Amino acid sequence: MSALASYLSRRAAQKERVRLLYRRALKETLNWAVHRHLFYQDASDLRERFDAKKNVDDLDTIDRMIADGEAQYNKWRHPDPYIVPWAPGGSKFTRNPTPPSGIEIVYDYGREDND
C-alpha cells in the first residue's frame, strides 16, 4: 500500500514539473518570436515535442527527461525577455506610485470655495 502511495506521489510531482516546464517554455517562445504567426508555429512544435513523449511510463526515464528539458530550457532562455510595461520589472512599473498615507489629493482643478 505504501509503495502505491509513493508511486502516485512521485508521479503527481512529475506531472506538475512537466506542466510547469511546458508553461515556462511556451512563455519563453514569445520572447523569441517576432510575429504571432512565428509564435504559433513554434508553440505547435513545442507541443509536438511534449506529446511525443507523453506515453513513457518508467519513472526514472521521466525524471531524466524532465532534467534534460529543464537544462535545455535554461540553455535557450532569452537574454533580454519581454516584460509587460506595467508588470514588475517593466518600464512603466510604479511610474506613478500611489501617494503615501496621510496625503490627500484634491481634484478641484483650480476651483476654489467662495464661502
Side-chain angles (χ1 to χ4, degrees):
M1 187 61 132
S2 67
L4 178 63
S6 173
Y7 171 81
L8 292 176
S9 66
R10 185 173 173 190
R11 192 76 173 111
Q14 287 176 340
K15 286 181 181 183
E16 183 67 13
R17 285 180 64 195
V18 169
R19 186 186 66 82
L20 291 175
L21 178 63
Y22 177 72
R23 285 192 59 171
R24 286 185 298 169
L26 190 60
K27 288 180 181 182
E28 191 66 30
T29 58
L30 279 171
N31 293 326
W32 291 101
V34 179
H35 300 289
R36 281 290 176 170
H37 68 278
L38 299 174
F39 165 73
Y40 292 143
Q41 182 61 44
D42 291 344
S44 177
D45 295 342
L46 179 68
R47 184 61 189 205
E48 287 175 7
R49 289 177 64 192
F50 272 79
D51 283 343
K53 298 177 181 174
K54 74 178 182 180
N55 293 325
V56 177
D57 291 330
D58 183 34
L59 296 180
D60 295 330
T61 304
I62 294 171
D63 283 335
R64 211 170 27 258
M65 288 177 8
I66 292 171
D68 291 343
E70 288 172 344
Q72 190 173 6
Y73 167 77
N74 289 328
K75 178 182 175 185
W76 291 104
R77 288 184 69 181
H78 199 284
D80 188 22
Y82 177 76
I83 301 172
V84 179
W86 52 87
S91 61
K92 292 184 180 180
F93 185 67
T94 66
R95 180 175 286 176
N96 298 317
T98 56
S101 62
I103 293 180
E104 180 181 342
I105 298 175
V106 178
Y107 296 105
D108 65 357
Y109 303 104
R111 287 175 267 161
E112 299 176 5
D113 293 334
N114 292 328
D115 290 336

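Worth knowing before you read on, the calculation uses all heavy atoms, side chains too, and leaves out hydrogens, waters and symmetry mates. Values in this document were obtained by computation on a predicted structure and should not be read as measured data.
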**Report entry** Enclosure of W76 CH2 (heavy-atom neighbours >12, cutoff 6.0 Å)
**Finding:** no

Query - Over 12 foreign heavy atoms within 6.0 Å of CZ, R49 - result: no

To the nearest 0.5 angstrom, please state how far the [atom1] atom of [X] sits from the [atom2] atom of [Y].
{"X": "K15", "Y": "L8", "atom1": "NZ", "atom2": "CG", "result": "9.0 Å"}
{"X": "E70", "Y": "R24", "atom1": "CD", "atom2": "CZ", "result": "5.5 Å"}
{"X": "K53", "Y": "N55", "atom1": "NZ", "atom2": "CG", "result": "13.0 Å"}
{"X": "L46", "Y": "D51", "atom1": "CG", "atom2": "CG", "result": "9.5 Å"}
{"X": "D58", "Y": "R64", "atom1": "CG", "atom2": "CZ", "result": "7.0 Å"}
{"X": "D63", "Y": "R10", "atom1": "CG", "atom2": "CZ", "result": "4.5 Å"}

**Report entry** R36 NZ/CZ over F39 ring centroid, <6.0 Å and within 45° of normal
**Finding:** yes

Check [X] against [Y] and note the closest heavy-atom contact, atom names and distance.
{"X": "P88", "Y": "I83", "value": "O-CG2, 3.8 Å"}
{"X": "R11", "Y": "L59", "value": "CD-CD2, 3.8 Å"}
{"X": "A43", "Y": "L26", "value": "CB-CD1, 3.6 Å"}
{"X": "R47", "Y": "Y22", "value": "CD-OH, 3.5 Å"}

Query raised in the report: Is any NZ, NE, NH1 or NH2 atom of the basic residue among D68 and K75 found under 4.0 Å from an Asp or Glu carboxylate oxygen of the other?
Result: no

Query raised in the report: Cluster question for you: counting only ILVMFWY and a side-chain heavy-atom cut-off of under 4.5 Å, with indirect links fine, are V84 and L30 together?
Result: no

Query raised in the report: S9 side chain to A5 main-chain N or O, any donor-acceptor pair under 3.5 Å?
Result: yes

**Report entry** Verdict with reasoning, D45 to Q41, per side-chain hydrogen bond (donor to acceptor under 3.5 Å, both in side chains)
**Finding:** CA-CA 6 Å; D45 295 342; Q41 182 61 44; 3.0 Å; yes

Report task. Could you check if a side-chain atom of Y73 sits within less than 4.5 angstrom of a side-chain atom of L21, using non-hydrogen atoms only? Result -> yes

